[in-house]
Every structure is written in C-alpha cells, then in structure tokens.
Number of protein chains: 2
Amino acid sequence: MSSSSATEVAGQTGSAAQRERRRRILDATIALATEGGFDAVQMRTVADDAEVALGTLYRYFPSKIHLLVSALGREFEEAEQRTATRAIPGETPHDRVMFLLSRTTRMLQKQPKLTEAMVRAFMFADASVAGEIHEVGMRLTTMISRAITGSPEHGEATEEEAAIIRVIADVWLSALVGWVTGRSEATDVEKQIDVAVRLLLR
Amino acid sequence: MSSSSATEVAGQTGSAAQRERRRRILDATIALATEGGFDAVQMRTVADDAEVALGTLYRYFPSKIHLLVSALGREFEEAEQRTATRAIPGETPHDRVMFLLSRTTRMLQKQPKLTEAMVRAFMFADASVAGEIHEVGMRLTTMISRAITGSPEHGEATEEEAAIIRVIADVWLSALVGWVTGRSEATDVEKQIDVAVRLLLR
DNA sequence: CTCCTGAATAGAACGTGTTTCAATACTAGA
DNA sequence: TCTAGTATTGAAACACGTTCTATTCAGGAG
C-alpha cells in the first residue's frame, strides 16, 4: 500500500522524467493495441517502443493486465471529463443515457483492436488490479449518473439509482464483451443497452 | 466445420475409447481447477493426470480456454437437466428466477477455485470459442426461461422475454466476475441479481 | 565535490501455453 | 490376416509473460 491511492490515481506522481516515461509507455501500449489488439501488446515490444528497459516497464506496471487496464483508465478519463464540462443532450433520462452510451460505444467500435485489448484485460483482471478496475468503474458510474440526472453535477445517487446504474453498466460491458469476442454484431450492443435502459428507466 | 454442431454438442462423438479419453481430460481439468483455480490448470499436468499425451490433449481441445469453457459446459449440462425434470419452486417469476440463480450461485461459490477458473476462461474467450460459449449461453437462457414461465417446457419466448432473459444473464455473469476476481462479496452476487430481477420482472 | 541510494538498463533465465515431428499403436475395410 | 490410413505418443522446440542479476546512472545530503 505505498502509492496509488484514489486521490493520486492516474499516475500524477513522481518526477517529470517519470511521468514522461509513464506517458510514453501508455502511448506505446495504445499504439500497439490499436494496431494489433491484445496479442500485439507484447511486453518486450512495449518496452522497446517506449524506450525503457523491460524491468522499468514492470516497475511501472506490474503486469500486462495492469498496463492495459491503466490504458483503459486513461481513455475513460477523457470521456468522463467531456461529460463534466458539457451537459448531455436529450429530453429524458432514457434519451441521455442512450446518447452517452451510444456515443461511447461508437467511439470504441471505431478502434476495434484497441477495444478488444482493453476489454479483455478488464474482464481477465484479478484482485491485484482492483485499484485500476475501481477507477474505471467509478468513471463509468459517474458518467451514467450524469446522464440520468441530466446535469454535469455528480451528486449522490439514491440507492435505487445506484442499483440501476450498476445494471446498465453490467449490460453494457457484457454487450461489449460479446462484440469484442465476435459473438455479436456491432449494432447489437446498442440494441441490448436500449432494451435494458428502457426496462430500467421507466 | 466437421463435427461440433449444436446437435452433437457435448462430445457424444467418436469411439468409446475417445469418449473415455475426453471424459478423463475433463475430469482432470475440473479436479485441478477445483484445487488451485485457473493457474493450476496447466496443460502438461492435465495431460499427465488424464493419461494422454500433450498432443492428444490439444487434438481434443485446441486451447486451455476451450478446455475450461467445455468443462463449464459439462457442469451447466447437469444443472440444466435438473431444471428440465423438476419444476422450479416459487409463486412468481421473480421468486422462481431468484430460486434458480441463488441455488446455482451458491453451488458455484462452494467451489470458488473451480468457478474462478471457468468464469475467467469464459470471459477471456475469443471468437474461436464461439461454439462452446454458445452452448453455455443457451443452457443458461433455457434455465432462466423455465424459471420465468414456471414450467419445464422450453417454448419460444417473446422478444420482450428474450431481452429480459439476456439482461438477467448479463447481470448474473457480471456479478459473478466481480466476485471471482475479488472485487465484491459472495452475498453481493445475490443482491445484484435480486435488484435486476425486481426491476425487470414487474 | 564526493558519496550514497534508489531508479534505470541490458540481458539472461525461467515457466507455461502452444506447435511440431518422427515413431508407434490402433482400427476399419479388403 | 493384411494393409492403409488415422490417432496417439514422447519429446523437443518455440513464444511470450515474468523474474532475476549485475551494472550504470542521477540527483540529493553532507
């Protein structure tokens, strides 16, 4: 339990050179994943591309799974900040949630290999990745919550709302896994969320 | 596309000696997974324990993931047959679905290592495992459908019902993944399903 | 400026999933 | 019974995640 607490989450720690190395590693990871997916993210290659030694890579990210989930965290960070600055369009909670998740889904589907790499890492992660996983989960929860209330504020949700948000997130992730692993079509993801949201937000 | 169609799914093919080998392999897999989880299922060890050569193991199951998902399929087969012979107790669809999923969850939680191995393989599986995955999905769908209607028959579900079943299955799997990967407590799984079922079946 | 210590490096080495291949055993049909 | 074709075996080799070791580097304390 030394560093990565929830407050200094996305690696805003260490010297400038260290933050720079971390950035280069995540850049290389995302580039490789975008090109060739999970299998193409090979630790030796990441280290080479980021111009750090293999041992250094492992000092920053203790496993390939940590690395990819952290990359997912960085991507979600941008998406979440977008929902914080501008209100999500739509008349009803249903409309707004669908707007948000459809937009995010389409964004992910534009880079299928990258999404495959990150989603598979996310689903494969074990307890040792709890911190990174939790960060991603919180961001997703925050975004859906904002979509439901329609405001960029992120106040406390009622217990009922929290439960609904969780179910929506679960369905979205499952649908994404289905698409990523080639078990369903791209358009199915949106359909499945629409059904779930319709059933839940009525 | 030679063998494994939906009709001859669970390996009811080949000579008696071959069916016997297949059974020994799955037995060894489940024994190892029960003892030590995903990591303990090592292909060399499985082959040794099942008394087949490593090459033979790979002839029967083209990867560790195929192997573990097939093991999950065999376990689900028994569970599904139980729902086919006896009616699921409970007054309402909600009660019956909860009875079914609670019972199944508790059964899985009694063997945490085995469940961890199978669930992680299931979530990690890519398109090449589509057949095995589909089999498991169908069994789960069938069981939930029987619980909703309250009859061991497995008639066609309406589109609405099918969508609801899918959402319930997604939530159940997500909750299970959360538990397996140490992100949530055993009792959370039931709670999450209860919320989802309550929201969906009203 | 020198020394000390933690960080970074290069590279070898290890473990396990997967592939390959030559030799042997088995089985179904003539 | 013989034979052709197929399945199984045993063993080595390969690929990639991960660990380990020896060495060098950087930057703050004195």
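The basis for the numbers below is simple: all heavy atoms, side chains too, and nothing from hydrogens, waters or symmetry mates. Keep in mind that this is a model prediction, so the values were computed, not measured. Chain letters run A, B, ... following the sequence lines, proteins first and then strands; every chain starts at 1.
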Answer whether the closest heavy-atom distance between the side chains of [X] and [Y] falls below 4.5 Å.
X: B/Val177; Y: A/Leu173; result: no
X: B/Tyr60; Y: B/Gln18; result: yes
X: A/Ile25; Y: A/Asp49; result: no

Cationic tip of B/Lys64 above B/Phe38 ring, under 6.0 Å, 45° of axis: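 Positive - B/Lys64 is close enough to the ring of B/Phe38 and near enough to its axis.
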B/Phe122 six-ring centre to A/Arg183 NZ/CZ under 6.0 Å and within 45° of normal: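 Yes, A/Arg183 sits over the ring of B/Phe122.
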Gap between atoms NZ and P, on A/Lys64 and D/dG17 respectively (whole Å): 4 Å
Distance-minimising heavy-atom pair for [X] and [Y]:
X: B/Ala33; Y: B/Ala117; value: CB-CB, 3.8 Å
X: B/Ala157; Y: B/Ala162; value: CB-N, 4.2 Å
X: B/Val69; Y: B/Val136; value: O-CG2, 4.2 Å
X: A/Glu35; Y: A/Lys113; value: O-CG, 4.1 Å

Test item: side-chain donor near acceptor, B/Thr34 and B/Gln111, under 3.5 Å: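 Note: B/Thr34 and B/Gln111 side chains miss the donor-acceptor criterion.
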Got a sec: does the [atom1] of [X] have more than 12 other heavy atoms crowding it under 6.0 Å?
X: B/Glu20; atom1: CD; value: yes
X: B/Arg86; atom1: CZ; value: no
X: A/Met138; atom1: CE; value: no

Touch class at under 4.0 angstrom, heavy-atom based, for B/Val46 against every strand present: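 No contact.
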Sugar-phosphate, base or nothing in reach of A/Ser63, heavy atoms under 4.0 Å: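 Answer is sugar-phosphate: A/Ser63 comes under 4.0 Å of backbone atoms only.
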B/Val97, B/Ile148, B/Ile164, B/Ile165 screened by side chain to side chain contact (heavy atoms under 4.5 Å, CB included) with B/Leu200, the one that passes: B/Ile164
First-last contacting nucleotides on DNA chain C - partner chain B, under 4.0 angstrom, heavy atom: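 With heavy atoms of chain B under 4.0 Å away, the range is C/dT16 to C/dT19.
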Any residue of residues 29-39 of chain A with a heavy atom less than 4.0 Å from an atom of DNA chain C: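 Those residues: none at all.
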Under-4.0 Å salt bridge between A/Glu78 and A/Arg82: no
A/Glu80/A/Arg146 ion pair, N-O < 4.0 Å: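 Looking at A/Glu80 and A/Arg146, the cut-off is met.
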side-chain contact (heavy atoms from CB on, under 4.5 Å) between B/Glu135 and B/Phe76, intermediate numbers included: CA-CA 9 Å; B/Glu135 191 202 328; B/Phe76 262 51; over 6 Å; no
Separation between CE of A/Met123 and CE of B/Met123, rounded to the nearest 0.5 Å: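 Rounded to the nearest 0.5 Å, the CE-CE separation comes to 3.5 Å.
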Distances under 3.5 Å only, N/O to N/O: pair up the protein atoms with those of nucleotides 25-28 of chain D.
none

Contact list for DNA chain D against residues 111-129 of chain B - heavy-atom distance below 4.0 Å: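 Nothing qualifies; none.
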Global bending angle along the helix from C/dC1-D/dG30 to C/dA30-D/dT1, which compares the axes of five pairs at either end, to 10 degrees: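 The angle separating the two end axes equals 10°.
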Every protein N/O within reach of nucleotides 7-12 of chain D N/O, cut-off under 3.5 Å:
| residue | atom | partner | partner atom | Å |
| --- | --- | --- | --- | --- |
| D/dA7 | OP2 | B/Arg59 | NH1 | 3.4 |
| D/dT8 | OP1 | B/Arg21 | NH1 | 2.7 |
| D/dT8 | OP1 | B/Tyr60 | OH | 2.8 |
| D/dT9 | OP2 | B/Ala53 | N | 2.9 |
| D/dT9 | OP2 | B/Thr56 | OG1 | 2.6 |

